[in-house]
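Contents: one structure, followed by commentary.
In what follows, every heavy atom counts, from backbone to side chain, and hydrogens, waters and symmetry copies are set aside. A, B, ... follow the sequence lines: proteins, then strands. Residue 1 opens every chain.
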Number of protein chains: 2
Amino acid sequence: MASQEVLLAFVQAATQGSFSAAARKLGRSQSTISAAVASLEIDLDLQLFDRSSRKPTLTPAGHVMLQKAEAILAATSRLEMSARQLAQGVEPKLTVAISDTYQSYRFEAALVDFEQRYPELELECLIAECDDLIELVQRGRAHLAFAEMQDNYPPDLVTSTVAERTEIALFVSREHALAKLEHVDQQILEQHRELRLATIVNPYDSRGKGRVWSAPSYLMLLEMAEKGFGWAPLPRWLVQRYANDLLIELDVRGWPKPVFVDALWSRLYPPGPAGSWLLSKMLE
Amino acid sequence: MASQEVLLAFVQAATQGSFSAAARKLGRSQSTISAAVASLEIDLDLQLFDRSSRKPTLTPAGHVMLQKAEAILAATSRLEMSARQLAQGVEPKLTVAISDTYQSYRFEAALVDFEQRYPELELECLIAECDDLIELVQRGRAHLAFAEMQDNYPPDLVTSTVAERTEIALFVSREHALAKLEHVDQQILEQHRELRLATIVNPYDSRGKGRVWSAPSYLMLLEMAEKGFGWAPLPRWLVQRYANDLLIELDVRGWPKPVFVDALWSRLYPPGPAGSWLLSKMLE
DNA sequence: AATAACCATCGATCAAGGCGATAGTTCATG
DNA sequence: CATGAACTATCGCCTTGATCGATGGTTATT
């Protein structure tokens with residue numbers, strides 16, 4: 001079985017184009033590299049280098065084996081990176097629960113940085129509704145949660161408000177009747193269909209306030225609004241991103257509403273380094 | 001550096017849930033597995049197993065490391081598979097050149113089987129025009145070629161006719177004026193724009209036979225025909241696959257034309273096992 | 001209480017990777 | 001053409017680590 005040392009020697013020799021250079025690079029003696037390559041050639045029953053000229057060059061078969069060898073080394077270095085991080089106490093998997101309400105540039109930007117910093121760490125994103133979010137964190141099922149701000153939290157939770165204010169405004173399709181009006185008051189609004197968020201656990205209780213269509217995610221609401229089915233409260237960033245020219249904001253008293261977001265975590269199951277890092281990115 | 005033996009012991013122990021069982025499976029002594037796991041834990045500075053119960057179970061960190069270790073072992077087994085095949089003389093890379101004229105179910109089916117049989121082998125498909133195809137094979141740049149049948153070939157080439165007949169028929173868009181006609185004769189045809197294949201090397205020399213639009217691939221011609229720009233000779237299978245309902249076949253004397261396909265290879269650079277295998281699949 | 005199965009540890013053995021020294025090749029240069 | 005510089009192959013020797021068998025401790029079952 002080809003050992004790591006042998007493969008390293010081979011890869012280095014192949015990329016350097018010289019056994020001696022590879023030896024210098026790896027801090028080994030030249031004979032070690034030579035022996036390593038020779039033993040690899042015997043093990044694989046393949047000629048890897050063409051030694052006829054001054055500088056050994058890879059044979060066609062050697063090129064193929066180089067690719068495979070590099071794949072192995074890359075896999076081992078990933079293992080070692082994971083091991084180092086785990087040894088330092090980084091959590092094996094980070095679970096973040098997000099409210100349907102909360103989707104933001106800040107979070108996405110934080111994830112981009114996160115991917116750079118912890119490329120090997122498994123990430124799990126859960127979507128849940130307010131009370132469920134709290135329970136997920138309390139049970140330790142999620143390390144971190146981002147939820148719409150609330151007045152009271154259980155004592156075992158720690159919270160911190162994210163320095164970001166999403167705005168939720170009312171939108172309709174360009175083609176919709178309401179789109180023509182300069183200003184819209186509550187009564188006129190109630191004459192048209194509302195598109196409203198309803199979580200699965202806690203559905204909207206339709207007290208006949210007018211026709212209401214509901215969906216469990218803002219993206220679905222947005223698509224309904226695009227089709228002109230009614231007006232919908234939507235995060236402004238979502239509209240800018242996915243329906244920039246198709247929807248128009250309504251001017252209604254009390255709208256747009258600011259939404260503040262709290263980060264939650266548990267005192268019992270405090271987030272590890274990766275969770276803390278992500279948290280600090282979100283709070284900075 | 002974690003050696004292959006140690007990783008194998010770890011993976012086997014983790015999947016078996018028992019060091020002794022892993023030892024039996026690997027044909028090693030129990031102490032070997034125990035020592036291997038212990039040394040891996042020391043090397044990685046991680047607790048991989050929870051030994052408190054009767055059967056050792058993976059820690060969360062152990063689960064992560066198991067994934068990474070399996071990735072390494074998979075990479076090495078791919079290397080070994082490649083090595084075995086190369087040692088048996090399988091070509092490091094298979095290059096197949098195909099005429100623009102020839103695209104078929106048979107070839108695609110052969111490739112599916114090929115992928116099963118030589119999953120690690122690199123495949124290169126070249127598209128070229130008739131004379132270029134022959135030159136590619138003569139030079140050894142391509143191991144195999146599939147080209148429209150021809151009467152004479154250079155003496156250093158071997159040929160065999162593929163038992164498949166592609167039909168090329170004339171098609172126009174449903175919306176095109178010609179689509180209304182039951183039968184079309186040559187004169188009427190010449191009054192409308194022709195969409196014709198022109199290779200890059202050997203462009204269509206437009207002797208004012210009527211307006212002609214040309215493109216270097218049948219797929220592009222097909223799209224032009226869909227748009228209603230004119231009539232085009234197209235392989236029937238291509239139309240069935242990509243424009244089933246949008247194009248209509250014209251009934252013109254002399255059409256559809258059968259196209260026979262020859263497989264070509266060189267006596268000087270005979271195809272290796274993989275090439276021969278693919279060839280036999282194509283000829284069977 | 002007895003037994004069976006399991007894991008950890010110890011000392012010995014052996015193969016593989018490592019080094020230094022040496023000899024043989026190849027290429028550029030005067 | 002002779003020479004020197006840089007490279008690779010090979011030899012003997014040493015160290016490391018993988019492996020084994022034996023032994024003892026622990027856990028669950030009967």
Side-chain angles (χ1 to χ4, degrees), chain A residues 1-59 61-62 65-66 69 72-73 76 79-80 83, chain B residues 1-59 61-62 65-66 69 72-73 76 79-80 83:
Chain A
M1 197 171 310
S3 75
Q4 301 278 336
E5 293 85 16
V6 168
L7 290 181
L8 233 173
F10 165 54
V11 169
Q12 200 57 237
T15 56
Q16 297 285 325
S18 151
F19 292 9
S20 305
R24 287 190 291 273
K25 200 108 180 180
L26 294 177
R28 300 273 127 89
S29 77
Q30 173 265 318
S31 64
T32 298
I33 309 296
S34 185
V37 172
S39 82
L40 188 60
E41 288 183 320
I42 290 170
D43 283 0
L44 302 180
D45 192 19
L46 279 176
Q47 184 94 0
L48 296 175
F49 286 97
D50 176 14
R51 273 105 158 161
S52 64
S53 83
R54 185 166 169 69
K55 299 222 146 202
T57 54
L58 280 176
T59 60
M65 298 316 287
L66 175 59
I72 296 176
L73 295 181
T76 75
L79 178 138
E80 285 165 357
Chain B
M1 199 171 309
S3 76
Q4 301 278 337
E5 292 85 15
V6 167
L7 291 181
L8 234 174
F10 165 55
V11 168
Q12 200 58 236
T15 57
Q16 297 286 325
S18 151
F19 291 10
S20 305
R24 286 190 292 272
K25 200 109 182 180
L26 294 177
R28 299 275 127 89
S29 76
Q30 173 265 318
S31 63
T32 299
I33 308 298
S34 186
V37 172
S39 83
L40 188 60
E41 289 184 318
I42 290 171
D43 282 358
L44 302 180
D45 194 18
L46 279 176
Q47 184 94 1
L48 297 175
F49 286 96
D50 175 15
R51 273 105 157 165
S52 65
S53 84
R54 184 162 169 72
K55 299 222 145 197
T57 55
L58 280 176
T59 59
M65 298 315 286
L66 175 60
I72 295 176
L73 294 182
T76 75
L79 177 138
E80 284 164 357

- Note on the structure: Ranking C:dA8, C:dC6, D:dT8 by distance to the side chain of B:Arg51, first place goes to C:dA8

- Query: So, is A:Arg24 close to the D:dA6 phosphate, meaning a side-chain N or O under 4.0 Å from OP1 or OP2?
  - Reply: no

- Query: Testing A:Lys55, A:Lys25, A:Gln30, A:Gln12 for side chain to side chain contact (heavy atoms under 4.5 Å, CB included) with A:Ser18, which one passes?
  - Reply: A:Lys55

- Quick one, give me the B/S/- string for nucleotides 25-30 of chain D, reading 5' to 3', where B means a protein heavy atom under 4.0 Å from the base and S means that only happens at the primed atoms, P, OP1 or OP2. --BS--

- CG of B:Leu48 to CG of B:Leu66, rounded to nearest 0.5 Å, is 9.5 Å

- Message: Distance check needed: D:dT19 P versus B:Leu40 CG, whole Å only.
- Response: 13 Å

- Query: Nearest 0.5 Å, what's the OG1-CG distance between B:Thr76 and A:Leu7?
  - Reply: 9.0 Å

- Between B:Phe49 and the options B:Thr59, B:Leu58, B:Thr57, the side chain to side chain contact (heavy atoms under 4.5 Å, CB included) test singles out B:Leu58

- Do B:Glu5 and B:Ser3 have a side chain donor and acceptor closer than 3.5 Å? yes

- Item | B:Asp43 CG - D:dT16 C1' separation (whole Å) | 13 Å

- Task: Rounded to the nearest angstrom, tell me the gap between atom CZ in B:Phe10 and atom C1' in C:dC7.
- Result: 17 Å

- Within this structure, what is the CD1-to-C1' distance between B:Ile42 and C:dT9, rounded to whole angstrom? 12 Å

- Task: To the nearest 0.5 angstrom, please state how far the CD1 atom of B:Ile33 sits from the CG atom of B:Leu26.
- Result: 5.0 Å

- side-chain contact (heavy atoms from CB on, under 4.5 Å) filter on B:Asp43, not counting sequence neighbours, yields none

- Nearest heavy-atom contact between A:Phe19 and A:Pro56 is CE1-CG, 3.8 Å

- Message: What is the distance, to the nearest angstrom, from the NZ atom on B:Lys55 to the C1' atom on C:dA4?
- Response: 13 Å

- Query: Starting at CG of A:Leu26 and ending at C1' of C:dG18, how long is that distance when rounded to a whole Å?
  - Reply: 13 Å

- Message: To the closest 0.5 Å, what do you measure between CD (A:Glu41) and CE (A:Met65)?
- Response: 11.0 Å

- Would you give the length of the straight line joining atom CG of A:Asp45 to atom CG of A:Leu40, rounded to the nearest 0.5 angstrom? 11.5 Å

Dump every N/O contact between nucleotides 11-16 of chain C and the protein below 3.5 Å, one line per pair.
none

- Message: Minimum heavy-atom separation for A:Val37 and A:Phe10, please, with both atom names.
- Response: CG2-CA, 4.4 Å

- Residues that A:Ala36 engages under side-chain contact (heavy atoms from CB on, under 4.5 Å), provided they are two or more places apart: A:Val6, A:Ala9

- Query: Between A:Ala61 and A:Gln47, which heavy-atom pair has the shortest distance, and what is it?
  - Reply: CB-O, 4.4 Å

- Rounded distance (Å) that lies between atom P of D:dA9 and atom CG of A:Asp50: 12 Å

- Query: At what angle, to 10 degrees, do the two end axes of the helix from C:dA1-D:dT30 to C:dG30-D:dC1 meet, given five pairs define each axis?
  - Reply: 20°

For nucleotides 19-22 of chain C, give me every protein contact, N/O to N/O, under 3.5 Å, one pair per line with atom names.
from: C:dC19; atom 1: OP2; to: A:Ser29; atom 2: N; distance (Å): 2.9
from: C:dC19; atom 1: OP2; to: A:Ser29; atom 2: OG; distance (Å): 3.3
from: C:dC19; atom 1: OP2; to: A:Thr32; atom 2: OG1; distance (Å): 2.4
from: C:dG20; atom 1: O6; to: A:Ser31; atom 2: OG; distance (Å): 3.1

- B:Glu5 CD to D:dC20 C1': how many Å, rounded? 15 Å

